[in-house]
Undergrad: 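Here's a structure for you.
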Amino acid sequence: DRTLCIGAASCVALAVKTFALDNENKAVVIDDGGDGAEMIKLAAESCPTKAIILENIETGKQEYP
């Protein structure tokens, strides 16, 4: 959720193959499977504003937050 992102970059530090900061210093997904599910979940949990929303691709159900 770009409106919640404050550019803390904890997600980038933990999942460098999945997230990057854009020219507005907001996190963007560069490869949705780049770091594996566990690391991506850790990155989402590290977000201070809970801007990363994880959904189960098979069920469409929100898994985090």
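In this text, all values refer to a predicted model and were calculated from it rather than measured experimentally.
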Undergrad: Hydrophobic clusters join Ile, Leu, Val, Met, Phe, Trp and Tyr when side-chain heavy atoms are under 4.5 Å apart, directly or via other members; which others share one with Leu4?
TA: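 Besides Leu4, the hydrophobic cluster comprises nothing; the residue is isolated.
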Undergrad: Looking at Arg2 and Glu24, is there a salt bridge between them, counting it only when a charged N and a carboxylate O are closer than 4.0 Å?
TA: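 Yes, Glu24 and Arg2 are salt-bridged.
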Undergrad: Would you say Leu21 and Lys26 make side-chain contact, with heavy atoms under 4.5 Å?
TA: no
Undergrad: Does a side-chain heavy-atom distance below 4.5 Å link Phe19 with Leu14?
TA: no
Undergrad: Could you tell me which non-hydrogen atom of Ala27 sits nearest to which non-hydrogen atom of Cys11, and how far apart they are?
TA: CB-SG, 3.7 Å
Undergrad: Mind listing the closest non-hydrogen atom pair of Tyr64 and Glu45 along with its distance?
TA: OH-CA, 3.3 Å
Undergrad: Looking at every heavy atom in both Pro48 and Ala8, which two are closest together, and how far apart are they?
TA: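 Scanning both residues, the minimum pair turns out to be CG-CB, 3.8 Å.
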Undergrad: Taking all atoms of both residues into account, what is the closest heavy-atom pair of Ala51 and Cys5, and its distance?
TA: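 That closest heavy-atom pairing would be CB-N, 3.7 Å.
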Undergrad: Answer yes or no: are there more than 12 heavy-atom neighbours, outside Asp32 itself, under 6.0 Å from its atom CG?
TA: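 Atom CG in Asp32 is not crowded, with 12 or fewer foreign heavy atoms closer than 6.0 Å.
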Undergrad: Can you tell me how far SG of Cys47 sits from CG of Leu42, rounded to the nearest 0.5 angstrom?
TA: 13.5 Å
Undergrad: Grouping I, L, V, M, F, W and Y whenever their side-chain heavy atoms are under 4.5 Å apart, do Val12 and Ile30 come out in a common cluster?
TA: no
Undergrad: Please round to the nearest 0.5 Å and tell me the distance separating atom CD1 of Ile57 and atom CD of Glu63.
TA: 11.0 Å
Undergrad: From Ile52 CD1 over to Thr49 OG1, what is the distance, rounded to the nearest 0.5 angstrom?
TA: 8.0 Å
Undergrad: According to side chain to side chain donor-acceptor pair (under 3.5 Å), who are the partners of Asp31, at least two apart in sequence or on a separate chain?
TA: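 Counting only residues at least two positions away or on another chain, Asp31 forms no side chain to side chain donor-acceptor pair (under 3.5 Å).
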Undergrad: Under 3.5 Å, which donor-acceptor pairs do the side chains of residues 33-41 form with other protein atoms, sequence neighbours left out?
TA:
residue : atom : partner : partner atom : Å
Asp35   : OD2  : Lys17   : N            : 2.9
Asp35   : OD2  : Thr18   : N            : 2.7
Asp35   : OD2  : Thr18   : OG1          : 2.7

